[in-house]
Amino acid sequence: MATVRAFRATRFARLIPEVVAPPYDVIDDSMRQELAARNPYNIVHLTLPAGDDDRYARAARLLQHWLSEGVLRQDHDPAIYRYVQRFFDPLSGSTRTRTGYFVLLHTEPYENGVVLPHEQTFPGVKEDRYRLLQATRTHLETIFGLFEDTPAFQEAIADLMWEPLAQIEGDDLPEGVFHKLERITNPVEVSRFERAFANARVWIADGHHRYETALRYGQTYGADGSPERFVPILLVPLDDPGLVILPTHRVLAALPPGTPDEWQARLQAEFECIPVAHEAVLEQMAQLGGEAIGFIWREGAWLIRPKAYPPVQGLPDALTRLDSWVLHERVMPALGYQEPQKSYTRSAEDALNAVRTGTAHAAFLLNPPPLRALQQIASAGGKMPHKSTYFHPKVLSGLILWQVGA
């Protein structure tokens, strides 16, 4: 099944808050400018290089410059790296800790059933990441995956003495308030850790575009087992108490056609429409056990609750019960929406404020997708709609890089 390996990471010689960043795909233009201005060695200069078509070559030159200056250094010995991340959970209001392990994962086509996706990907994004990987021959960030804990894994990590490498903390850090990196290099311990994944499958939590990019790169430039066929990944057990998935709400620029009475008439055959006050939407969604979608417009709000979840040929039940699928495949078409202009937010309060202030005309509030649904959908070969999951926090960029084959 999954093939994982220790590796020699490339890391900042001095890890400080000013050089780290969120992953490339959650950074907009203004955030990139802010991060780039913090420090000339911020990782964003590599992950989102400035320029036009020359930006990939510029990133490659900059990477080599940082290596020659000693800003980045490669570890001497192959290692398994443990990453401890402490963060605030906006859903529960508590502080949580998540622990994962940086390893190399051999890339496999999805049809092999070893690495399991749950999201759709887009060609333009993958082409951008591919050209960057081609130019630098370096994985500048890691992806994030999940695996089922096993007795073999518990035996592999029992009584290990992890060597501290780097630690940063602070309320202004991205992706959590505390980040600690440690490693083991003992060949016997490393080998035992690697063998623990011999019968494992990996569910991609975050990084589908980068995984598919790595697979294409390996199939183009490498062979089975060659360095080009591996990708660095943070692996976290599925039962880790620090796994948090946030809902992603939809904010729309227009109302459905017609009046609220007409909307309700279109929905009534398949859905209950329960009137609710704006300020009570989230509370009452929770009381219904996650089986209602919040629909808000300026003059009112409903909880839209399916009367049934009819099976759909070829799709797993876990997918057809998922909020985002029900919304896009059933609710929005029933309301009369056709490819509406929309934006996304993980803050229900931001979505509500956008409607209240007239910045938006409507919003749909969703429930956090259950982790078991992701596992079931991916295992059955299904794909969730775009923006269905958001693992919080992301893996901090700037901790681990890997020069292919080095």
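Computed over heavy atoms, backbone and side chain alike; hydrogens, waters and symmetry mates excluded.
Remark: Leu366 CG to Met285 CE distance equals 6.5 Å, nearest 0.5 Å. Here the OG1-NE2 distance, from Thr248 to His386, works out to 9.5 Å after rounding to the nearest 0.5 Å. For the atom pair CH2 (Trp66) and CG (Leu46), the distance works out to 4.0 Å, reported to the nearest 0.5 Å. The line from OG1 of Thr138 to CG of Leu401 is 7.0 Å long, rounded to the nearest 0.5 Å. Remark: Glu163 CD to Ile184 CD1 distance equals 11.0 Å, nearest 0.5 Å. Interatomic distance, Glu119 CD to Leu374 CG, rounded to the nearest 0.5 Å: 8.0 Å.
Qualifying ring pair (Phe, Tyr, Trp, His ring centres under 6.0 Å) partners for His208, counting only residues two or more places apart in sequence or in other chains: His118. With sequence neighbours left out, the ring pair (Phe, Tyr, Trp, His ring centres under 6.0 Å) criterion links Phe12 to no other residue. Take Arg73 and apply the side-chain contact (heavy atoms from CB on, under 4.5 Å) test, not counting sequence neighbours, and it matches Ala13. Under the rule for a ring pair (Phe, Tyr, Trp, His ring centres under 6.0 Å), His45 has no partner lying at least two apart in sequence or in another chain. A search for ring pair (Phe, Tyr, Trp, His ring centres under 6.0 Å) contacts involving Tyr337 returns nothing, not counting sequence neighbours.
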Let me check something: any side-chain donor-acceptor pairs from residues 14-28 under 3.5 Å, sequence neighbours excluded? List them with distances.
unit_1, atom_1, unit_2, atom_2, d
Asp28, OD1, Ser30, N, 3.4
Asp28, OD1, Ser30, OG, 3.0
Asp28, OD1, Met31, N, 2.8

Distance-only donor-acceptor pairs under 3.5 Å for side chains of residues 148-158, two or more places apart:
unit_1, atom_1, unit_2, atom_2, d
Glu148, OE2, Gln375, NE2, 2.9
Asp149, OD1, Gln154, NE2, 3.1
Asp149, OD2, Gln154, NE2, 2.6
Thr150, OG1, Phe153, N, 3.1

For residues 317-324, dump all side-chain donor-acceptor pairs below 3.5 Å to protein atoms at least two apart in sequence or in another chain.
unit_1, atom_1, unit_2, atom_2, d
Thr320, OG1, Asp317, O, 3.1
Arg321, NH2, Glu291, OE2, 3.0
Asp323, OD2, Asn367, N, 2.7
Asp323, OD2, Asn367, ND2, 2.7
Ser324, OG, Ser388, OG, 2.7

Quiz: residues 225-233 side-chain donor-acceptor pairs under 3.5 angstrom, not counting sequence neighbours:
unit_1, atom_1, unit_2, atom_2, d
Ser226, OG, Ala223, N, 2.9
Ser226, OG, Ala223, O, 2.8
Ser226, OG, Glu228, OE1, 3.1
Arg229, NE, Thr107, OG1, 3.2
Arg229, NH1, Asp224, OD1, 2.6
Arg229, NH2, Thr107, O, 2.5

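Atom CD of Gln338 sits in a sparse spot, with 12 or fewer heavy atoms from other residues, nucleotides or ligands closer than 6.0 Å. A 6.0 Å sphere centred on NE2 of His361 holds no more than 12 heavy atoms belonging to other residues, nucleotides or ligands. Atom CD of Glu111 has more than 12 heavy atoms from other residues, nucleotides or ligands within 6.0 Å.
For the pair Glu262 (side chain) and Thr259 (backbone), a donor-acceptor distance under 3.5 Å is present. Of the possible donor and acceptor atoms, one in the side chain of His179 sits under 3.5 Å from a partner among the backbone N and O of Pro174. At distances below 3.5 Å, not a single donor-acceptor pair connects side-chain atoms of Thr359 with backbone N or O atoms of Thr357. Using a distance-only test at 3.5 Å, with no hydrogens or angles considered, a donor-acceptor pair links the side chain of Asp54 to the main chain of Asp52. Checking side-chain atoms of Asp75 against main-chain N and O of Asp77 turns up no donor-acceptor pair under 3.5 Å. A donor-acceptor contact shorter than 3.5 Å links the side chain of Asp89 to the backbone of Leu91. Using modelled atom types, one side-chain atom of Ser92 and one backbone atom of Ser94 make a donor-acceptor pair closer than 3.5 Å. Remark: side-chain polar atoms of Arg96 are not paired, donor with acceptor, to backbone N or O of Phe88 under 3.5 angstrom. Between the side chain of Arg98 and the main chain of Pro241, no donor-acceptor pair closer than 3.5 Å is present.
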Checking Tyr56 against Tyr130 for the ring-ring contact (aromatic ring centres under 6.0 Å, His included) test, could you report, in this order, the C-alpha distance in whole Å, the side-chain angles of both residues, the deciding distance, and whether it holds?
CA-CA 10 Å; Tyr56 308 110; Tyr130 185 73; over 10 Å; no
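A centroid separation of less than 6.0 Å is found between the aromatic rings of Phe87 and His392. Ring centroid separation for the pair Phe7 and Phe102 does not come in under the 6.0 Å cut-off. For Tyr101 and Tyr83, the gap between ring centers reaches or exceeds 6.0 Å. For Trp203 and Phe147, the distance between ring centers is not under 6.0 angstrom.
The salt bridge (charged side-chain N to carboxylate O under 4.0 Å, His left out) pairs that include a residue from residues 386-406 are Asp206-Lys394, where partners are two or more places apart or lie in different chains. Legend: salt bridge (charged side-chain N to carboxylate O under 4.0 Å, His left out) pairs involving residues 166-176, not counting sequence neighbours: none detected. Applying the side chain to side chain donor-acceptor pair (under 3.5 Å) definition to pairs two or more places apart or across chains, those involving residues 263-282 are Glu270-Arg330.
Salt bridge Glu34/Arg38: present, at least one basic N to carboxylate O contact under 4.0 Å. Using a 4.0 Å cut-off between a side-chain N of Lys or Arg and a carboxylate O of Asp or Glu, Arg55 and Asp128 qualify as a salt bridge.
The minimum heavy-atom distance linking Leu303 with Ala292 is given by the pair CB-CB, 4.2 Å. Counting all heavy atoms, side chain and backbone alike, Ile377 lies closest to Lys383 at CG2-N, 4.1 Å. Heavy atoms only, all atoms of each residue included: Leu399 and Arg11 are closest at O-CG, 3.5 Å. Residue Ala378 comes nearest to Pro117 through the heavy atom pair CB-O, 3.1 Å, listed as atom of the first residue, atom of the second, then distance. Contact record, Ala50 with Arg58: O-NH1, 3.5 Å, taken as the closest heavy-atom pair. The two residues Ala269 and Lys307 come nearest to each other via the heavy atoms O-CD, 3.9 Å.
Remark: Arg250 is not positioned above the aromatic ring of Tyr344, lacking an NZ or CZ atom under 6.0 angstrom from the ring centre and at most 45 degrees off the axis. Because its NZ or CZ atom is both nearer than 6.0 Å to the ring centre of Tyr390 and within 45° of the ring axis, Arg346 counts as a cation-pi partner of that residue.
Exactly one residue among Glu194, Arg195, Glu189 makes a side-chain hydrogen bond (donor to acceptor under 3.5 Å, both in side chains) with Ser191. That residue is Arg195. Screening Thr345, Leu352, Ile293 against His249 for a side-chain contact (heavy atoms from CB on, under 4.5 Å) leaves a single residue, Thr345.
Note on ring orientation: taking the six-membered ring where Trp is involved, the planes of Phe295 and Phe364 are parallel (angle under 30°, cut-offs 30° and 60°).
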